[in-house]
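Here is how names work: the chains are called A, B, and so on, in the same order as the sequence lines, proteins then strands, and each is numbered from 1. Because the structure is a prediction, the values reported are computed rather than measured.
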Amino acid sequence: MNDLIKRRYEELGELNKLNFEAYAYDYEVNAYSAHIKNNFDLYENKDVKIAGRIMAIRRMGKASFAHIQDKDGRIQIYLKKDEIGNSYDAFKLMDIGDIIGVDGFVFKTKTGEISVHARSMNLLAKSLRPIPIAKEMIDEEGNKKIYDQFADKELRYRQRYVDLIVNPDVRDVFIKRTSIITALRNYLDENYFVEVETPVLQPLYGGAAARPFVTYHNSLDRTLYLRIADELYLKRLIVGGFDRVYEISKDFRNEGIDKTHNPEFTMLELYAAYKDYNWMMEFVENMINTVSLKVFGKTEFIVEGNIINFKAPWNRLSMVDELKKHLGIDVLQASKEDLQKELKQRGFEMSGTESKGKLIDILFEETIQHTIIQPTFVIDYPVELSPLAKKHRSREGIVERFEGFVLGREICNAFSELNDPIDQRQRFEAQAKLREEGDDEAHQIDEDFLRAIEYGMPPTAGLGIGIDRLVMLLTGQTSIRDVVLFPQMRT
RNA sequence: GGGCGCGUAGCUCAGUGGUAGAGCAUCUGCCUUUUAAGCAGAGGGUCGGUGGUUCGAGACCACCCGCGCUCACCA
C-alpha cells in the first residue's frame with residue numbers, strides 16, 4: 001500500500017477519535033452549486049445545505065477555503081475555526097476526494113467568488129484513495145486552463161468513476177447522451193409508437209449481417225445467441241397488430257473493436273405499418289432535426305472542422321445513379337466479372353467470393369461514400385445485400401432501402417420491409433446458399449419469422465439508428481469509447 | 001489479426017549505458033477572505049513483466065502484458 005493511502009487510513013482513525021463518523025447515512029441537501037452561482041441575488045445571505053466532493057483545499061491556519069463538487073459543478077466553501085470549532089480540527093484531517101456536507105450562508109468573497117460560509121461541516125464519506133487531481137485556472141482571456149489533467153485513456157476507461165470525478169466534460173457528454181435518447185423517445189411516443197422489449201437471448205440470430213456471441217442455456221440444454229438486431233421480433237409485433245413499435249436496446253456483434261465499434265452497442269429500431277421508405281426518410285430527418293433542436297437548440301454542428309447541418313430535408317442520392325454518373329458504370333447491367341475488374345483496376349483486394357451486391361457496395365463505399373459530408377440519404381441498394389427489404393416498385397435488381405450518411409459514415413439504415421412471404425423465403429434461401437459458400441455473416445433461415453409473415457404483415461417501413469454513433473456526431477466525439485460509459489477493454 | 005508508437009512517484013512528464021528527477025498532490029511548521037494561495041522544510045519508485053547483452057541497464061536486445069493510432073471486417 002502506498003504512503004498516500006496509508007496516510008488516509010490513519011486520518012480515518014483520527015477522525016473517529018474526534019467523534020467524526022467517516023461514513024454517514026444521509027444528508028439533507030437543499031441547494032446545488034450551479035443554481036446558487038446562477039441565482040446569487042436569491043441566495044445571498046440565505047442558508048443552504050450543500051454536499052459534494054472536496055476538489056481543492058487552501059488552508060490558512062485558522063481559516064480555510066475549499067472547492068466542493070456536486071452534480072452540477074463546483075462551489076467554494078469558507079471555514080473558520082472560531083465558528084465551527086471541533087469541525088475545524090476534523091477538517092484538517094480531510095483530503096481532496098472526501099465527500100462532505102456543508103451548512104452555511106451564501107456570500108461573495110473579496111475577490112468576488114460566490115461561496116458558502118460554513119456554520120457546520122459534516123464528513124459524509126472519507127476517500128481512501130488519492131484522486132488524480134487536476135488544477136484549474138482562468139487566464140486573463142477567461143479561458144479555463146487545466147494543469148496535469150487525468151489523461152491516460154486506459155485508466156480513464158477502466159476507472160470511469162475517476163474520469164467522471166475529475167473531467168467535467170466527460171459527464172457533460174453522457175448527460176447529453178441521455179438527453180438525446182430521451183428526446184428520441186419523446187418524439188416516438190408523440191408519434192404513437194409503442195416501446196417494446198424483445199429477446200436478447202435468441203435461438204436464431206438475424207436482422208443483420210454479423211457474427212454473433214454464442215452462449216448456452218443449461219436447463220434447456222441448447223445454444224443461444226445474443227441478438228445482433230431486433231428486427232425480426234419487432235416485425236412479428238407488426239404482424240400481431242401493433243401499428244408502430246420501437247425498441248432502444250443493446251445489440252451485440254462479435255467483431256473487432258475500434259473507434260467506431262464496441263461489441264455491445266445501443267440501437268434504436270422502429271417500424272411503422274402502412275408506410276414505406278419514402279415516408280421513413282421524412283420521418284428520420286424530422287426526428288433528428290427535432291432532437292438536435294431540443295437537446296442543443298440548433299441543427300448546425302461543427303464536427304472535425306466541418307459544418308454539418310441536420311436541418312430537414314436532407315439530400316437524397318441514388319446509389320446506382322451516382323455510380324453511373326461518377327464511374328460510368330451501370331452496375332445493374334454489369335456482370336460480376338465486370339465489377340471485379342473495375343475494383344481490381346482501382347487496386348482493391350478481393351477474396352473472389354463476394355456476391356455481386358457486395359461488389360457494388362464496395363465500389364460505392366470506396367468511391368463515393370467518403371465524399372458525402374452533409375446528412376444524405378443514399379437510396380436504392382442492390383437486392384443481394386438486403387434480404388429483408390422489399391423489391392423496388394419499378395426498378396429491377398434493387399430494393400427500397402436507404403442509409404443515412406454524415407461525414408462519410410453511416411448513421412441509419414431503413415427500408416420498405418419485405419412483407420411477401422414467398423419472396424422472403426426465396427431471399428432466405430439465397431442467403432443460406434451464401435452461407436454454404438462460406439459467408440458466415442449471411443442470414444439464417446428463420447422459419448418462425450416466415451410463419452409470422454405468412455399470416456400477413458401490413459406494408460411497413462422500418463429503421464435502425466446506431467445511437468452511439470449519433471451521439472458521437474452530435475457531441476463531437478471521435479471515439480465510440482467516449483460516448484459509452486464502460487467501453488469494452490481487454491481483461 | 002497486421003503495421004507504427006507508448007508504458008518512469010498518486011497525476012502530468014523529463015531522463016541516449018555510470019548514485020532515479022521536476023511540477024502538482026502528500027506530510028511537518030507559520031498563516032482568519034484564499035483561489036494553480038503563499039513561505040520554510042520533509043517523505044514518496046519492483047522505471048509494465050520475464051529473460052538476455054554488459055564490469056554496470058530506466059535506457060540496448062528478445063519475448064510477454066496493457067493502451068493509443070492505423071489497416072483489414074463490421075453498424
Side-chain angles (χ1 to χ4, degrees), chain A residues 1-8 10-11 55-67 74 76-84 88 92-93 95-97 107-113 115 117 127-139 144-158 162 166-167 207-211 228-229 251-269 348-351 358 361-362 365 403-405 409-413 439-441 464-470 472 478-481 487 489-491:
Chain A
M1 197 182 340
N2 77 42
D3 287 350
L4 297 174
I5 294 176
K6 201 188 280 173
R7 180 73 215 166
R8 287 177 178 226
E10 286 164 11
E11 285 166 348
M55 298 303 285
I57 302 177
R58 291 175 292 282
R59 297 182 216 270
M60 297 165 300
K62 297 183 182 65
S64 296
F65 286 93
H67 273 104
R74 293 182 185 186
Q76 182 169 259
I77 58 167
Y78 178 53
L79 306 160
K80 266 168 105 167
K81 186 173 169 66
D82 292 355
E83 293 169 356
I84 62 170
Y88 198 80
K92 286 185 187 164
L93 296 165
D95 294 294
I96 289 172
F107 77 112
K108 213 178 246 184
T109 63
K110 264 186 198 167
T111 50
E113 178 159 353
S115 310
H117 189 130
S127 171
L128 294 174
R129 289 178 182 273
I131 63 173
I133 189 65
K135 290 212 161 197
E136 288 178 17
M137 179 194 168
I138 314 287
D139 67 16
K144 193 190 275 183
K145 280 178 80 176
I146 299 175
Y147 296 81
D148 301 337
Q149 185 158 29
F150 181 55
D152 184 303
K153 288 209 165 161
E154 175 172 7
L155 288 175
R156 286 186 48 219
Y157 297 141
R158 286 189 193 275
V162 177
V166 302
N167 292 322
R211 295 206 309 262
I228 58 172
D251 286 349
F252 307 84
R253 297 189 187 173
N254 210 337
E255 308 282 355
I257 298 172
D258 64 25
K259 260 165 91 165
T260 56
H261 296 84
N262 195 55
E264 55 179 295
F265 61 102
T266 302
M267 182 74 118
L268 161 63
E269 285 196 34
F348 297 112
E349 297 285 323
M350 285 161 292
S351 66
K358 185 74 198 166
D361 196 41
I362 295 171
E365 272 176 26
E403 291 192 343
F405 288 95
R409 296 174 211 149
E410 184 192 331
I411 58 158
C412 69
N413 182 20
D439 181 353
D440 58 0
E441 290 185 353
I465 296 185
I467 296 295
D468 312 280
R469 290 184 181 178
L470 179 66
M472 283 170 66
T478 53
S479 170
I480 196 168
R481 290 196 179 97
M489 304 288 277
R490 222 173 277 260
T491 48

Could you tell me if the side chain of K80(A) sits less than 4.5 Å from the side chain of Y88(A), heavy atoms only? no
Does any part of the side chain of T109(A), heavy atoms only, come nearer than 4.5 Å to the side chain of Q76(A), both counted from C-beta?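 Sidechains of T109(A) and Q76(A): in contact.
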Residue-phosphate contact under 4.0 Å: K259(A) side-chain N/O, U70(B) OP1/OP2: yes
Mark yes or no for whether N254(A), through its side chain, and P263(A), through its backbone, hold a donor-acceptor pair below 3.5 Å. no
Using a 3.5 Å distance criterion without hydrogens, assess whether the side chain of N262(A) forms a donor-acceptor pair with backbone atoms of F265(A). no
Please work out if [X] contacts a base, only the sugar-phosphate, or nothing of the nucleic acid, heavy-atom cut-off 4.0 Å.
{"X": "K81(A)", "value": "nothing"}
{"X": "Q149(A)", "value": "sugar-phosphate"}
{"X": "A229(A)", "value": "nothing"}
{"X": "M489(A)", "value": "sugar-phosphate"}
{"X": "Y157(A)", "value": "sugar-phosphate"}
{"X": "R74(A)", "value": "nothing"}
{"X": "N254(A)", "value": "nothing"}
{"X": "I411(A)", "value": "nothing"}

[atom1] spacing across the pair [N] / [M], given as an integer number of angstrom:
{"N": "A37(B)", "M": "G23(B)", "atom1": "P", "answer": "16 Å"}
{"N": "U46(B)", "M": "C55(B)", "atom1": "C1'", "answer": "23 Å"}
{"N": "A9(B)", "M": "G45(B)", "atom1": "P", "answer": "11 Å"}
{"N": "C61(B)", "M": "U54(B)", "atom1": "C1'", "answer": "12 Å"}
{"N": "G66(B)", "M": "G41(B)", "atom1": "C1'", "answer": "39 Å"}
{"N": "C24(B)", "M": "G17(B)", "atom1": "C1'", "answer": "31 Å"}
{"N": "G15(B)", "M": "A57(B)", "atom1": "C1'", "answer": "14 Å"}
{"N": "C11(B)", "M": "A36(B)", "atom1": "C1'", "answer": "14 Å"}

Under the rule for side-chain contact (heavy atoms from CB on, under 4.5 Å), what residues qualify as partners of [X], not counting sequence neighbours?
{"X": "M489(A)", "result": "E154(A), Y157(A), R158(A), R481(A)"}
{"X": "R129(A)", "result": "I5(A)"}
{"X": "T266(A)", "result": "R177(A), I248(A), K250(A), I467(A), D468(A)"}
{"X": "K358(A)", "result": "E354(A), S355(A), D361(A), I362(A), L385(A)"}

Round to the nearest Å and state the distance from [X] atom [atom1] to [N] atom [atom2].
{"X": "Y88(A)", "N": "C31(B)", "atom1": "OH", "atom2": "P", "result": "11 Å"}
{"X": "L155(A)", "N": "C65(B)", "atom1": "CG", "atom2": "P", "result": "19 Å"}
{"X": "M55(A)", "N": "G10(B)", "atom1": "CE", "atom2": "C1'", "result": "14 Å"}
{"X": "R129(A)", "N": "G10(B)", "atom1": "CZ", "atom2": "P", "result": "12 Å"}
{"X": "F150(A)", "N": "C67(B)", "atom1": "CZ", "atom2": "P", "result": "15 Å"}
{"X": "F65(A)", "N": "A36(B)", "atom1": "CZ", "atom2": "C1'", "result": "16 Å"}
{"X": "I228(A)", "N": "C73(B)", "atom1": "CD1", "atom2": "P", "result": "18 Å"}
{"X": "D361(A)", "N": "C73(B)", "atom1": "CG", "atom2": "C1'", "result": "13 Å"}

Nearest to the side chain of [X] - [options]?
{"X": "D152(A)", "options": "U12(B), G68(B), U33(B)", "value": "U12(B)"}
{"X": "R58(A)", "options": "U34(B), C11(B), G68(B)", "value": "U34(B)"}
{"X": "P132(A)", "options": "C11(B), C73(B), U34(B)", "value": "C11(B)"}
{"X": "S115(A)", "options": "U34(B), U32(B), G66(B)", "value": "U34(B)"}
{"X": "K110(A)", "options": "U34(B), C69(B), U32(B)", "value": "U34(B)"}

Residue list, salt bridge (Lys or Arg N to Asp or Glu O under 4.0 Å) with E365(A), at least two apart or on another chain: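 E365(A) satisfies salt bridge (Lys or Arg N to Asp or Glu O under 4.0 Å) with no residue once adjacent residues are dropped.
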Map R158(A) and E113(A) onto RNA chain B by nearest heavy atom, then report which one ends up closer to the 5' terminus.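 On the 5' side of the pair lies E113(A).
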Please compare A151(A) and K80(A) by the position of their nearest nucleotide in RNA chain B and report the one closer to 5'. A151(A)
Under 3.5 Å, which protein N or O atoms sit close to an N or O of nucleotides 25-30 of chain B? Give each pair with its distance.
{"unit_1": "A25(B)", "atom_1": "OP1", "unit_2": "K135(A)", "atom_2": "NZ", "d": "2.8"}
{"unit_1": "C27(B)", "atom_1": "OP1", "unit_2": "E11(A)", "atom_2": "OE2", "d": "3.1"}

Can you name the ring-ring contact (aromatic ring centres under 6.0 Å, His included) partners of F252(A), sequence neighbours left out?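 Checked F252(A) against ring-ring contact (aromatic ring centres under 6.0 Å, His included); zero matches.
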H117(A): what forms a ring-ring contact (aromatic ring centres under 6.0 Å, His included) with it, not counting sequence neighbours? Y78(A), F105(A), F107(A)
N/O donor-acceptor pair, side chain Q76(A) with base U34(B), under 3.5 angstrom: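 Per atom types, the contact qualifies.
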Side-chain donor/acceptor of D258(A) to base of C73(B), under 3.5 Å: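 Indeed, a donor on one side and an acceptor on the other fall under 3.5 Å apart.
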Can you give me the dot-bracket string for RNA chain B, 5' to 3', counting Watson-Crick and G-U wobble pairs with both distances under 3.5 Å, using [ ] for crossing pairs and | for partners on another strand? (((((((..((((....[..)))).(((((.......))))).....(((((..]....))))))))))))....
How far does CZ of R8(A) sit from CG of D95(A), to the nearest 0.5 angstrom?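 Reported value, rounded in 0.5 Å steps: 4.0 Å.
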